[in-house]
Enquirer: 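Here's a structure for you.
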Amino acid sequence: MFRWGQEEADAASRVILSGSLFRIKSKFNEVTNFEKELKAKIGVEHCVCVNSGTGAITAGLAALGVGPGDEVIMPGYTFIATAGAVLALGAIPVICEIDETLTMDPIDVEKKVSKHTKAIIPVDIQGFPCDMDRLTALSKKYKFAILEDACQADGGSYKGKRLGSFGEIGTFSFNWYKIISAGEGGAMVTNDINLYQRAIIFHDIGSNFWPYEEKITEPSFNGRNFRVSEVTGAILREQLKRLDGILADLRRVKKTIMDAISGFARFAPSNDINGDCGVMMALRFGTVEEAIKAEEVIGTNRPINTGKHVYCNWPNVMEKRGAHCESANPYKYEANKGLNMDFGPKSLPNTLDILARTVYMPMNPDWDSAKIDEKIKLIKSAYNK
């Protein structure tokens, strides 16, 4: 969360003092209005606000009908929640390599496609856009769905089109560590009315009788409770007003630093540098040893060390512990026998190598020229040493 202030406090206070905290039949319709404003921002027809990015991915997969017998391809560099959402629905996560852009490698995706592939989940990690042209072409060729995990890329874009609007479903997170935030929160967007209605049913314990955008005609089925309160909606409406300004300043800061060090620094390539959210600079080194030395001087970290964001640190996948008890473990399901589930710590060597030779430097939209100069000198020092 980059910017917040009195506006968010006043919005939350207005809802709390009204006593109208439940989104259904609210006096202010904060959540409903946020959904309308977000779908307009992203350029889609439908939006449902949920409790988290994980909730958004899970609801989206459920809307697509993902379940036992299905494989869902995702990169080996994403938060553990991406894989967890797939397992929560009884399906099997199939992990693929990233490429030099730190996002899903379309070449390895095609290698991992099987007759069981129901969907893929491109992840715009750290606000870096995926190659949506190549991934969309693959989805048409092999007839699988795309659920975009844009949870770290609120408001980002690819070739002028907002991330989250390319696939059948797009998902966002408003957790504290995201570009805009209400502490927690998420959203699922789509242009398909049936997918929207199924997501509504799933996120509200199977309810299809509340008034959302219109009367729900999809038949009810059991779901989860991923609803959010009007307080969350009110805060997110104020945060959404700040989004484009935050992105503009993040991109300005990042470009200024990149321009200053471009003569000697090597950067991770981008699928669309203009659409990149600007939250992170990825410096690339020729060897792991060089990256370790630079990491020490700069005082940041390498993505290889970011814990549950790297596939080999996902016990639910590496150790096939996909549920709270063995009878509910998707890896034990009869329907999943023969699916691609044999992954180990060294299954994605390219991913591990790229992450180990990359050094991150987080950006801040409120850095002044003095702070920017300080960061430039720090990077220069790292390369000199």
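Owing to the predicted nature of the structure, the values given are computational and were not obtained by experimental measurement.
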Enquirer: Test of understanding: clusters of I, L, V, M, F, W, Y form through side-chain heavy atoms closer than 4.5 Å, transitively. Do Ile24 and Ile16 belong to the same one?
Expert: no
Enquirer: Check Asp154 against Ser173 and note the closest heavy-atom contact, atom names and distance.
Expert: OD2-O, 2.9 Å
Enquirer: Assess, by modelled atom type and distance only, whether the side chains of Glu110 and Tyr142 contain a donor and an acceptor separated by less than 3.5 Å.
Expert: yes
Enquirer: Could you check whether Asp276 pairs with Arg251 (Lys NZ or Arg NE/NH1/NH2 to Asp/Glu carboxylate O, under 4.0 Å)?
Expert: no
Enquirer: Going by heavy atoms in the side chains, are Val15 and Leu21 under 4.5 Å from each other?
Expert: yes
Enquirer: Would you name the heavy atoms of Ala323 and Ala328 that are closest together and state the gap between them?
Expert: CB-O, 3.1 Å
Enquirer: Considering only NZ, NE, NH1 and NH2 on the basic side and carboxylate oxygens on the acidic side, decide whether Lys241 and Glu7 come within less than 4.0 Å.
Expert: no
Enquirer: Do you see a donor-acceptor pair shorter than 3.5 Å between the side chains of Thr32 and Arg23?
Expert: yes
Enquirer: Without swapping roles, check the side chain of Asp131 against the backbone of Arg134 for a donor-acceptor pair under 3.5 Å.
Expert: yes
Enquirer: Is Ile107 reachable from Ile354 through a run of hydrophobic residues whose side-chain heavy atoms are each under 4.5 Å from the next?
Expert: no
Enquirer: So, the side chain of Glu290 versus the backbone of Gly286: is there a donor-acceptor pair under 3.5 Å, distance only?
Expert: yes
Enquirer: Let me confirm one number: the CG-OG1 distance from Leu102 to Thr351, rounded to the nearest 0.5 Å.
Expert: 9.5 Å
Enquirer: Following the transitive rule for hydrophobic clusters with a side-chain heavy-atom cut-off under 4.5 Å over Ile, Leu, Val, Met, Phe, Trp and Tyr, establish whether Val228 and Met188 coincide in one cluster.
Expert: no
Enquirer: Test Phe2 against every option in Asp366, Ile180, Leu250, Leu247 by the side chain to side chain contact (heavy atoms under 4.5 Å, CB included) rule and name the one that passes.
Expert: Leu250
Enquirer: Do Tyr311 and Val72 belong together in a cluster built from hydrophobic side chains that touch within less than 4.5 Å?
Expert: yes
Enquirer: Identify whether the distance between the nearest side-chain nitrogen and carboxylate oxygen of Arg14 and Asp10 falls below 4.0 Å.
Expert: no
Enquirer: Once you round to the nearest 0.5 Å, how far does CG of Asp124 lie from OG of Ser157?
Expert: 10.0 Å
Enquirer: Ring of Phe166, cation from Lys161 - is the NZ or CZ under 6.0 Å from the centre and inside 45° of the axis?
Expert: yes
Enquirer: Once you round to the nearest 0.5 Å, how far does CG of Asn301 lie from CD of Glu296?
Expert: 13.0 Å
Enquirer: Check whether any side-chain N or O of Thr300 sits under 3.5 Å from a backbone N or O of Tyr360 as a donor-acceptor pair, and report yes or no.
Expert: yes
Enquirer: Distance only, no hydrogens: is a donor on one side chain within 3.5 Å (strictly under) of an acceptor on the other, for Asp149 and Thr82?
Expert: yes
Enquirer: Any side-chain to backbone donor/acceptor pair from Arg302 onto Ala356? Under 3.5 Å, distance only.
Expert: yes
Enquirer: If you compare all heavy atoms of Cys130 against all heavy atoms of Pro122, which two are closest, and at what distance to 0.1 Å?
Expert: SG-CB, 3.8 Å
Enquirer: Hey, can you tell me if Tyr383 and Phe285 have their rings parallel, tilted or perpendicular (30° and 60° cut-offs)?
Expert: parallel
Enquirer: Under a 4.0 Å N-O cut-off, is there an ion pair linking Arg237 with Glu35?
Expert: no
Enquirer: Considering only heavy atoms from C-beta outward, does the side chain of Leu339 approach that of Val94 to under 4.5 Å?
Expert: no
Enquirer: Within the distance-only criterion (no hydrogens, no angle test), does the side chain of Glu168 pair as donor or acceptor with the backbone N or O of Ile146 below 3.5 angstrom?
Expert: yes
Enquirer: Give a yes or no on whether a salt bridge exists between Lys115 and Asp70, defined as a side-chain N under 4.0 angstrom from a carboxylate O.
Expert: no
Enquirer: Check the side chains of Asp133 and Tyr158 for a donor-acceptor pair under 3.5 angstrom, ignoring hydrogens and angles.
Expert: yes
Enquirer: Given side chains that start at C-beta, do those of Asp105 and Cys96 come closer than 4.5 Å, heavy atoms only?
Expert: no
Enquirer: How about Tyr177: does its OH atom have over 12 heavy atoms from other parts shown lying under 6.0 Å from it?
Expert: no
Enquirer: Between Glu148 and Gly164, is there a donor-acceptor pair closer than 3.5 Å when you use the side chain of the first and the backbone of the second?
Expert: yes
Enquirer: Is it the case that over 12 heavy atoms from other parts of the model lie below 6.0 angstrom from the NZ atom of Lys112?
Expert: yes
Enquirer: Please report the closest heavy-atom contact between Ala199 and Val48, naming both atoms and the distance.
Expert: CB-CG1, 4.2 Å
Enquirer: Any carboxylate oxygen within less than 4.0 angstrom of a Lys/Arg side-chain nitrogen, looking at Asp373 and Lys377?
Expert: no
Enquirer: Compare all side-chain heavy atoms of Arg357 with those of Glu100 and state whether any distance is below 4.5 angstrom.
Expert: yes
Enquirer: Verify, without hydrogens or angle tests, whether Ser181 (side chain) and Gly183 (backbone) share a donor-acceptor contact under 3.5 angstrom.
Expert: yes
Enquirer: Hey, are the side chains of Lys118 and Phe144 touching, using non-hydrogen atoms and a 4.5 Å cut-off?
Expert: no
Enquirer: Side chain of Arg198, backbone of Ala63: donor and acceptor closer than 3.5 Å?
Expert: yes
Enquirer: Please report the shortest heavy-atom distance between Pro68 and Leu89, naming the atom on each side.
Expert: CD-O, 3.6 Å
Enquirer: Go through the side-chain N and O atoms of Ser52 and Glu184 and say whether any donor and acceptor fall under 3.5 Å apart.
Expert: no
Enquirer: Give, for atom CG of Leu38 and atom CG of Asn33, the distance between the pair rounded to the nearest 0.5 Å.
Expert: 12.5 Å
Enquirer: Taking Gln126 for its side chain and Gln152 for its backbone only, find out whether a donor-acceptor pair lies under 3.5 Å.
Expert: no
Enquirer: Any heavy-atom pair between the side chains of Asn340 and Ser114 that's under 4.5 Å?
Expert: no
Enquirer: Begin from the C-alpha positions of Lys41 and Asp244 and carry the test salt bridge (charged side-chain N to carboxylate O under 4.0 Å, His left out) through to its verdict.
Expert: CA-CA 10 Å; Lys41 178 73 69 179; Asp244 286 340; 2.8 Å; yes
Enquirer: Are Met258 and Ile376 connected into the same hydrophobic cluster when the rule is that any two of I, L, V, M, F, W, Y join if their side-chain heavy atoms are below 4.5 Å apart?
Expert: yes
Enquirer: When you compare the side chains of Thr190 and Asp192, does any donor N or O come within less than 3.5 Å of an acceptor on the partner?
Expert: no
Enquirer: Quick one: does any side-chain atom of Glu97 pair with a main-chain N or O of Asn350 as donor and acceptor, under 3.5 Å?
Expert: yes
Enquirer: Quick check: closest heavy atoms across Gly322 and Asn329, and the distance to 0.1 Å?
Expert: N-OD1, 3.2 Å
Enquirer: Determine, stepwise, if the pair Glu374 / Lys371 fulfils salt bridge (charged side-chain N to carboxylate O under 4.0 Å, His left out).
Expert: CA-CA 5 Å; Glu374 176 187 316; Lys371 191 67 174 180; 3.4 Å; yes
Enquirer: Using a strict threshold of under 4.0 Å (side-chain N to carboxylate O), is an ion pair present between Arg3 and Asp249?
Expert: yes
Enquirer: Please check if atom NZ in Lys255 has more than 12 non-hydrogen atoms from other residues, nucleotides or ligands closer than 6.0 Å.
Expert: no
Enquirer: Looking at CD1 of Ile201 and OG of Ser207, how far apart are the two atoms once the value is rounded to the nearest 0.5 Å?
Expert: 9.0 Å
Enquirer: Is there a side-chain contact between Thr101 and Phe128 (heavy atoms, below 4.5 Å)?
Expert: no
Enquirer: Is the ring centre of Tyr196 less than 6.0 Å from the ring centre of His46?
Expert: yes
Enquirer: Do Lys159 and Asp272 meet the salt-bridge criterion of a basic N to acidic O distance under 4.0 Å?
Expert: no
Enquirer: Is it the case that the side chains of Gln197 and Thr217 hold a donor-acceptor pair, with the cut-off being a distance below 3.5 Å and no angle test?
Expert: yes
Enquirer: How many angstroms lie between atom CZ of Phe79 and atom NZ of Lys308, to the nearest 0.5 angstrom?
Expert: 8.0 Å
Enquirer: When you check the side-chain N and O atoms of Thr358 and Arg284, is any donor under 3.5 Å from an acceptor?
Expert: yes
Enquirer: For the CD atom on Glu334, are there more than 12 heavy atoms of other groups (residues, nucleotides or ligands in this structure) within a distance under 6.0 Å?
Expert: no
Enquirer: Can you find a pair of side-chain heavy atoms, one from Ile205 and one from Arg227, that are under 4.5 Å apart?
Expert: yes
